[in-house]
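To start, the structure under review is shown below, and the notes come after it.
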Amino acid sequence: MELTEGVAFVGIDRIMKILTRLRIGGIKISIDDFGTGFSSLTALHQLPFSELKIDRSFTGRIAQDVEADKIVYSIIDLSHSLGLEVVAEGAENQNIIDILKDKNCDMVQGYFISKPINIQSFSKWINRNTLLL
């Protein structure tokens, strides 16, 4: 389940109760678009997330922007120290994927791998791309 950080703070007490029940039930919860809002660290501290998704506005620039590269590395390091898995959005070429792999990013998401597809197309995609997995 994904929750954008902007939504995570609308009625935080109620959301915390619901998310805690979901986590106890074994559902993984991801904070999406991390780094685009103002309360990111508060969300990480107060809500029971299992995964963090780094926004493409950072990952898309890591090959040419030293500051973006440092931010992505810091987010990955912080997330791992909190026991969270990390997904980097915006993995649009092999160079970005290689950089993220070197930074120990757990997963990537982007058009380089696949555009959004329906379940029927996914079945065909998975059969064609078993070496990626």
Side-chain angles (χ1 to χ4, degrees):
M1 175 180 203
E2 289 184 7
L3 188 67
T4 60
E5 76 179 309
V7 172
F9 289 98
V10 179
I12 191 166
D13 291 333
R14 182 169 181 227
I15 287 176
M16 188 181 313
K17 289 176 187 175
I18 293 168
L19 294 182
T20 300
R21 288 184 191 139
L22 291 171
R23 288 286 291 137
I24 289 169
I27 295 173
K28 292 185 175 184
I29 303 164
S30 178
I31 183 167
D32 194 17
D33 298 335
F34 186 81
T36 61
F38 296 105
S39 303
S40 302
L41 295 177
T42 304
L44 289 179
H45 182 255
Q46 293 184 346
L47 298 173
F49 292 109
S50 53
E51 178 182 274
L52 180 142
K53 294 180 83 173
I54 303 173
D55 190 72
R56 68 183 337 108
S57 63
F58 295 110
T59 55
R61 299 190 327 241
I62 60 174
Q64 69 271 2
D65 183 337
V66 174
E67 296 301 317
D69 183 71
K70 289 177 183 178
I71 289 169
V72 168
Y73 175 77
S74 297
I75 292 171
I76 292 169
D77 189 50
L78 173 65
S79 299
H80 286 162
S81 71
L82 294 172
L84 302 173
E85 289 188 312
V86 181
V87 178
E89 299 177 327
E92 305 304 339
N93 60 57
Q94 189 64 52
N95 186 40
I96 290 174
I97 292 172
D98 291 342
I99 292 168
L100 291 165
K101 188 184 290 185
D102 288 343
K103 294 182 182 318
N104 295 316
C105 186
D106 301 303
M107 293 171 267
V108 296
Q109 176 182 328
Y111 276 65
F112 183 72
I113 297 166
S114 176
K115 63 180 177 61
I117 53 178
N118 62 31
I119 191 70
Q120 293 81 13
S121 297
F122 179 71
S123 178
K124 293 175 188 172
W125 183 91
I126 203 88
N127 288 327
R128 286 191 317 265
N129 293 286
T130 54
L131 293 178
L132 288 175
L133 306 174

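Computed from a prediction, not measured in an experiment: that's the story for all the values here. One is the number of the first residue; the rest follow in order along the sequence.
Cluster annotation: Y111 and V108 are assigned to distinct hydrophobic clusters (Ile/Leu/Val/Met/Phe/Trp/Tyr, side-chain heavy-atom contacts under 4.5 Å, transitive). In the hydrophobic clustering of ILVMFWY residues, with side-chain heavy atoms under 4.5 Å counting as a link, F122 and M107 come out apart.
Here the straight-line distance linking atom NZ of K53 with atom CD of Q109 works out to 3.5 Å at 0.5 Å rounding. One finds the CD atom of E2 at 11.0 Å from the CD1 atom of I31 (value rounded to the nearest 0.5 Å). With values rounded to the nearest 0.5 angstrom, H80 atom NE2 is found 9.5 Å from L52 atom CG. Considering CD1 of I54 and CZ of R56, their distance stands at 13.0 Å, rounded to 0.5 Å. To the nearest 0.5 angstrom, I96 atom CD1 is 11.0 Å from R61 atom CZ. Distance check, rounded to the nearest 0.5 Å: OG1 of T59 to CD1 of I75 gives 9.5 Å.
A side-chain donor from one of N118 and S121 sits under 3.5 Å from a side-chain acceptor of the other. Checking D32 against S30 by side-chain atom types alone, no donor-acceptor pair falls below 3.5 Å.
Considering only heavy atoms from C-beta on, W125 comes within 4.5 Å of I113 through its side chain. Side-chain contact between L100 and I97: absent, with no pair of heavy atoms (C-beta onward) separated by less than 4.5 Å.
K103 and D77 are not joined by a salt bridge, as no carboxylate oxygen comes within less than 4.0 angstrom of a charged side-chain nitrogen.
The backbone N or O of Q120 lies less than 3.5 Å from no partner atom in the side chain of S123, so there is not a single donor-acceptor pair.
Within 6.0 Å of atom CZ in F112, more than 12 heavy atoms from other residues, nucleotides or ligands are found, so the atom counts as buried in its surroundings.
With E51 as the partner, the side-chain contact (heavy atoms from CB on, under 4.5 Å) test is satisfied by one option alone out of V86, I29, V87: V87.
Listed here is the closest heavy atom pair of D106 and E85: OD2-CA, 3.2 Å.
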